[in-house]
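To start, the structure under review is shown below, and the notes come after it.
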Amino acid sequence: MAKIGVQQLFAWEIDKETADALPTYGEPFRIAKAIEVSMNPQNTDGSLYGDDALDEFESFTTGYDISLHTNDLLPGIEAKLLGRKVDKHGGVTTSTEDEAPLFAIAFRIPLSKGVGGGFQYRILYKTRFTPFGETFTTKGESINFQTPTITGKSMPRDFDGKFNYKLNGDDSKEEVKAITEKWFKEVTEEAGEAA
């Protein structure tokens, strides 16, 4: 399936999470315009050998490394994602007391017309971001845009162990269209298993 971009990067802060219920979330907000989103699973592997050969192999995903490369990261959004304080002038302070909250993250990926077009929709249920480095470059003979990349870890939810969910939009199916129309307004949960 050919993917040709990434768009609409939104987040919801997790207000409350317990082991016996789905998390509750705050209001959605747009992080920034997306340039690149990467999700890399972190796996733990185990091999068992017997009679001088591989007898068993197990592999489990323990989390995902997440990277969001954006066109900008406004001070208020940076502060929200990293648990920093914003003063009355809009300035952001970094301190030893910063504690990044947990977020659900959603975005969509345009699909090529060769596979029918439309979008694939993605949501990561539980992510925490970490402070990021910055580099500033002088102007030379050409302009080099300096854009931020924020990284984090996506982990399983306490309630059900789920990491993320993806859904290909299909406007010909009313129930799928109803889900994708609300993708950036509420945290989408998977439907029941296919019959």
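Nothing here was measured: the structure is a model prediction, and the numbers come from that model. For the numbers below, each heavy atom of this structure counts, side chains included, while hydrogens, waters and symmetry mates do not.
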Do [X] and [Y] touch side chain to side chain, with heavy atoms closer than 4.5 Å?
| X | Y | value |
| --- | --- | --- |
| T151 | D65 | no |
| I150 | L82 | yes |
| D160 | L22 | yes |
| N43 | T61 | yes |

Do E27 and F29 pass the side-chain contact (heavy atoms from CB on, under 4.5 Å) test, and can you show the C-alpha distance, the side-chain angles, and the key distance before you say yes or no? CA-CA 7 Å; E27 291 297 312; F29 63 94; over 6 Å; no

Between [X] and [Y], is there a donor-acceptor pair closer than 3.5 Å when you use the side chain of the first and the backbone of the second?
| X | Y | value |
| --- | --- | --- |
| Q7 | P110 | no |
| R128 | A100 | yes |
| D15 | G26 | yes |
| Q146 | T137 | yes |
| D51 | A53 | no |

Interatomic spacing from [atom1] in [X] to [atom2] in [Y] - rounded to 0.5 Å:
| X | Y | atom1 | atom2 | answer |
| --- | --- | --- | --- | --- |
| L54 | L48 | CG | CG | 8.0 Å |
| R108 | Q8 | CZ | CD | 5.0 Å |
| R122 | M39 | CZ | CE | 5.0 Å |
| F107 | L124 | CZ | CG | 5.5 Å |
| H69 | I35 | NE2 | CD1 | 4.0 Å |
| I31 | L73 | CD1 | CG | 8.0 Å |

So which heavy atom on [X] is nearest to which on [Y], and how close?
| X | Y | value |
| --- | --- | --- |
| P101 | L81 | CD-O, 3.9 Å |
| F103 | A11 | CD2-CB, 4.2 Å |
| G90 | P75 | O-CB, 3.9 Å |

Would you say that more than 12 heavy atoms from the other residues, nucleotides or ligands in this model lie under 6.0 Å from the [atom1] of [X], or not?
| X | atom1 | result |
| --- | --- | --- |
| I143 | CD1 | no |
| F145 | CZ | no |
| E99 | CD | no |

By salt bridge (charged side-chain N to carboxylate O under 4.0 Å, His left out), E13 pairs with (sequence neighbours left out) none

Using a 4.5 Å cut-off between side-chain heavy atoms of Ile, Leu, Val, Met, Phe, Trp and Tyr, which other residues end up in the same hydrophobic cluster as L167?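 Its cluster partners, ordered by chain and number, are F10, W12, I14, Y25, L102, F119, Y121, I123, Y125, M155, Y165, V176, I179, W183, F184, V187.
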
Apart from V86 itself, what residues make up its hydrophobic cluster, given side-chain heavy atom links below 4.5 Å?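 Members other than V86 - counting any ILVMFWY side chain reachable under 4.5 Å - are V92.
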
Walk me through whether K126 and D158 qualify under side-chain contact (heavy atoms from CB on, under 4.5 Å). CA-CA 9 Å; K126 185 178 175 182; D158 292 345; 3.1 Å; yes

Should L111 and L9 be regarded as members of a common hydrophobic cluster, given that ILVMFWY residues are connected when their side-chain heavy atoms come within less than 4.5 Å of each other, either directly or indirectly? no

Report whether I77 and V37 are members of the same hydrophobic cluster (ILVMFWY, side-chain heavy atoms less than 4.5 Å apart, transitive linking).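 Cluster IDs for I77 and V37 match.
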
Between E189 and R157, does a salt bridge (Lys or Arg N to Asp or Glu O under 4.0 Å) hold up when you go through it step by step? CA-CA 12 Å; E189 298 293 338; R157 293 191 299 201; 2.8 Å; yes

Whether R84 and E78 form a salt bridge (side-chain N of Lys/Arg under 4.0 Å from carboxylate O of Asp/Glu) is what I want to check. yes

May I ask you to check whether S59 and D45 show a side-chain donor-acceptor distance below 3.5 Å? yes

